[in-house]
Amino acid sequence: MGTVYGKFKNDAVVAAQYLEKARTIDPKSEDVYLNLGIVYSILQQNDLAIEMMRKVVVINPQNKNNLSNLELLLRTMGRMKEADEIKSKR
């Protein structure tokens, strides 16, 4: 439901609510954290977005889409050293 609200209804707030509920059900889901990172980024809750994206790195360090998103967000926030570290993992 979180993905549906995010992609098709353009309601990031409701998407985040559903994804947070999904996270309680499956706290090891790479997809849930990936989508939460994107939704929190859209909502400009950047610290939460980074936290979610870093959890994806723990679950699957090879997820290049997530690494790109995380690097971009860190650069946007002016956190170049952290962004460079993420880039080196790709």
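The basis for the numbers below is simple: all heavy atoms, side chains too, and nothing from hydrogens, waters or symmetry mates. A quick note: this is a predicted structure, and the numbers were derived from the prediction, not measured.
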Met77-Leu67 co-clustered via ILVMFWY side chain contacts under 4.5 Å: yes
Transitive ILVMFWY side-chain link Leu43 to Val32, under 4.5 Å: yes
Shortest non-hydrogen contact from Ala12 toward Val39: O-CG1, 3.3 Å
Value rounded to 0.5 Å, distance of CD1 in Ile38 from CG in Asn65: 6.0 Å
From Asn60 atom CG to Lys64 atom NZ, the distance as rounded to the nearest 0.5 Å: 10.0 Å
Side chain to side chain donor-acceptor pair (under 3.5 Å) against Tyr33, all qualifying residues, sequence neighbours excluded: none
Transitive ILVMFWY side-chain link Ile50 to Ile42, under 4.5 Å: no
same_hphob_cluster(Leu73, Ile86) at 4.5 Å side-chain heavy-atom cutoff: yes
Reported CG-to-CG distance for the pair Leu34 and Asn66, which is rounded to 0.5 angstrom: 5.5 Å
Inter-residue atom distance Glu20.CD - Met52.CE, 0.5 Å rounding: 6.0 Å
Residue pairs fulfilling side chain to side chain donor-acceptor pair (under 3.5 Å) with at least one residue in residues 43-59, sequence neighbours excluded: Arg54-Glu82
Atom pair CG (Leu74) and CE (Met53), whose distance is rounded to the nearest 0.5 Å: 8.5 Å
Hydrophobic cluster identity match, Val57 and Leu19, side-chain contacts under 4.5 Å: no
Nearest-0.5 Å distance, CZ of residue Arg75 to CG of residue Leu70: 10.5 Å
Exercise: identify the closest heavy-atom pair between Ser41 and Ala49: N-CB, 3.6 Å
